[in-house]
Amino acid sequence: MNFSEIDAGPVWLSLQLAGATVILLLIAGTPLAWWLAHTRSRWRTCTEALVALPLVLPPTVLGFYLLIAFGPHGWLGGPVKAVTGSALSFTFWGLVLASTLYSLPFVVQPLQNAFETVGRAPLEAAWTLGASRWDAFFTVASPMALRGYVTAAVLGFAHTLGEFGVVLMVGGNIPGQTKVVSIDIYDRVETLDFASAHWLSAGLLLFSFVVLVFVYTVNRRLPIRI
Amino acid sequence: MTNAISARFKLDYPGFGLDVSLDLPGEGATVVFGPSGCGKTTLLRCMAGLERAPDGLMRLDGEVWQDGQTFLPVEQRAVGMVFQEPRLFPHLNVKSNLCYGLTRVPEAQRVLTLERVVGILGIEALLERRIQNLSGGEKQRVAIGRALLRSPRLLLMDEPLSALDVKRKREILPFLQRLRKELKIPIVYVTHSLNEVLQLVDTLVVMEAGKVAARGPAEEVFSHLDLRSHLDAAMVGAVLETRVAEHDPAYCLTRLDYRGQNLFVPKLEAAVGDPARLHILSQDVSLALDPPNRRNSILNVLKATVVEVGPKEADNHQVDVKLDAGGPLLATITKKSFESLKLKTGTRVFAQIKAVKTMTPDQV
């Protein structure tokens, strides 16, 4: 067994995928979580159920539908191919999009909880002090929801790092493009390269553990407790 | 007095309605008094723009905040709001909380400086502190300061003392009285505590079930005989606006002038000429037809005339009598005495006052 046998490519790709996914999710998840936390609309329950769906669905089911949608003839892949020349399936950005859906609840739910905990009262106070809605969001609601953001970012990142089924369905196994570390481990086991599989698995295990310890530590030390 | 604030709101929620039309003076403190659930908080929220009453009207000094066409969002109304809970921002320290509203007002429109507000509220020592390390009373003082520094043209206070214990109330009330005296900003103050009313009120609005039951100067409203239905029986009494005439250190008394007549109270910490507000419970006033002789320990006797007699209910042994002693005074006496004295409107009596409550902050 030799450490140099381990290809850093899939590890690096996994980190890029998780990073891009989390950034996208924080941007898209914030308004969604905000809406869920404050709306009295009758669509709220349905939307909450949709957001939670990836928690219970077999990743292969989600992956199957996404594969069809992302393909050259899919409702999303088709138009994308017409513009860029290639469909979304079996590409890095297809994976990012799939991961965004797959990890959605891990980001939206902590954010929604955080916004609900902040509540309306401090916002009303900010408005009466002359802050506009946006101003109050950025200077009062977001900083008060900081713990929620840390939790959301880390859970989203770690969960994307560990995804397997959706990636396999949508991305396949293209080195440098869609071959992420979880797929790489599966490959190694298939080819009976248990030593490398050990290294990669242990690395992922340790990384996940360290990340979670970090989150809990940071969360405990953050100044804002509501 | 000018009627600088016009507020008309009508709301119809299931199980709750608000139907209020008020013109309030543009100075001094208007206290809105009423039991929980009577709609006084909702009234305040409508005035601030936090609640939207369709077809409502809100005008301040001719500036329209709400009418048929306009609804100015909260942040564009020069309103200072103090909530029941302090609602301070936990991620900012005291100074940053105070400056949150201040920095959002253009410099030319700022009417108060940080130093002045900090001085009035006595929070110099707290500026660098974190919110988490403040007591309840300190938090509420910071919240009041934060609202003032927004340079409001109207200060709305929603039971700001109700979440505090008696000791903290005593700590804050003097500051509220200073605000009322020193700042030219009209205050609308909501409370269900009669003591707070008596401490702060210039104009009183009594609310009941979403409607205004009575309004006017405190002296006048408190003399309404039908106010009894809105108050604890033990709280019914007249409010007397007097002036400090003289201190008598030998007996530890202060002589007050009440429209030409004298009243003696335990020595007050006030200068000669200062106003002093008294609350005289109707049950502490007894009536006599003859002038009091010297063989009587009662110190305070006012010459008065009966102006109105309350309803004589079959199952009640007492009756309320409204007197004119230069200003209104209420007495509750037994029906038996009422008959034997042959009292009627116009009868001249001597009102013997057994106890006088002066409205200083330690009375809370």
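FYI, side chains are in, hydrogens and waters are out, and symmetry mates aren't considered; it's all heavy atoms of this structure. So that the names make sense, note that chain A is the first sequence line, chain B the second, and so on, each numbered from 1.
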Next item on the list: Carefully, step by step, assess B:R45 and A:E124 under the rule side chain to side chain contact (heavy atoms under 4.5 Å, CB included).
Entry: CA-CA 10 Å; B:R45 291 177 60 86; A:E124 286 187 348; 2.6 Å; yes
Check: Hey, mind stepping through B:V74 and A:R133 against side chain to side chain contact (heavy atoms under 4.5 Å, CB included) and telling me if it holds?
Finding: CA-CA 10 Å; B:V74 193; A:R133 308 291 141 141; 4.1 Å; yes
Next item on the list: Would you sort out whether B:F89 and A:L129 count as a side chain to side chain contact (heavy atoms under 4.5 Å, CB included), showing the intermediate values?
Entry: CA-CA 12 Å; B:F89 304 134; A:L129 292 167; 4.1 Å; yes
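The local environment of CH2 in A:W34 is crowded, with over 12 non-hydrogen atoms from other residues, nucleotides or ligands closer than 6.0 Å. Other residues, nucleotides and ligands contribute more than 12 heavy atoms inside 6.0 Å of the CZ atom of A:F137. The number of heavy-atom neighbours closer than 6.0 Å to CZ of A:F64, taken from other residues, nucleotides and ligands shown, is 12 or below. For A:H38, the NE2 atom is densely surrounded, since the number of other residues' heavy atoms within 6.0 Å is greater than 12. Sparse packing is recorded around CZ of B:R59, with 12 or fewer heavy atoms of other residues, nucleotides or ligands lying under 6.0 Å away. The number of heavy-atom neighbours closer than 6.0 Å to CZ of A:F209, taken from other residues, nucleotides and ligands shown, is 12 or below. Counting heavy atoms of neighbouring residues, nucleotides and ligands inside a 6.0 Å radius, atom CD of B:E107 does not exceed 12 of them. Within 6.0 Å of CG on B:D55 lie no more than 12 heavy atoms contributed by other residues, nucleotides or ligands.
The parts of B:R146 that come within reach of chain A are both its backbone and its side chain, each placing non-hydrogen atoms under 4.5 angstrom from that chain.
Between A:R120 and B:L50, the shortest heavy-atom distance links the atoms NH2-O, 3.9 Å. Residue B:E75 comes nearest to A:A131 through the heavy atom pair CB-O, 3.2 Å, listed as atom of the first residue, atom of the second, then distance. Smallest separation of non-hydrogen atoms from A:A136 and B:Y100: CA-OH, 4.1 Å. Of all the heavy atoms in A:T128 and B:R150, the pair that sits closest is O-NE, 2.9 Å.
At least one donor-acceptor pair closer than 3.5 Å links the side chain of B:R87 to the backbone N or O of A:A121. Although no hydrogens or angles enter the test, the distance criterion places no donor-acceptor pair under 3.5 Å between the side chain of B:H91 and the main chain of A:L146.
Contacts between residues 155-164 of chain B and chain A, counted as heavy-atom pairs separated by less than 4.5 Å, involve no residue at all.
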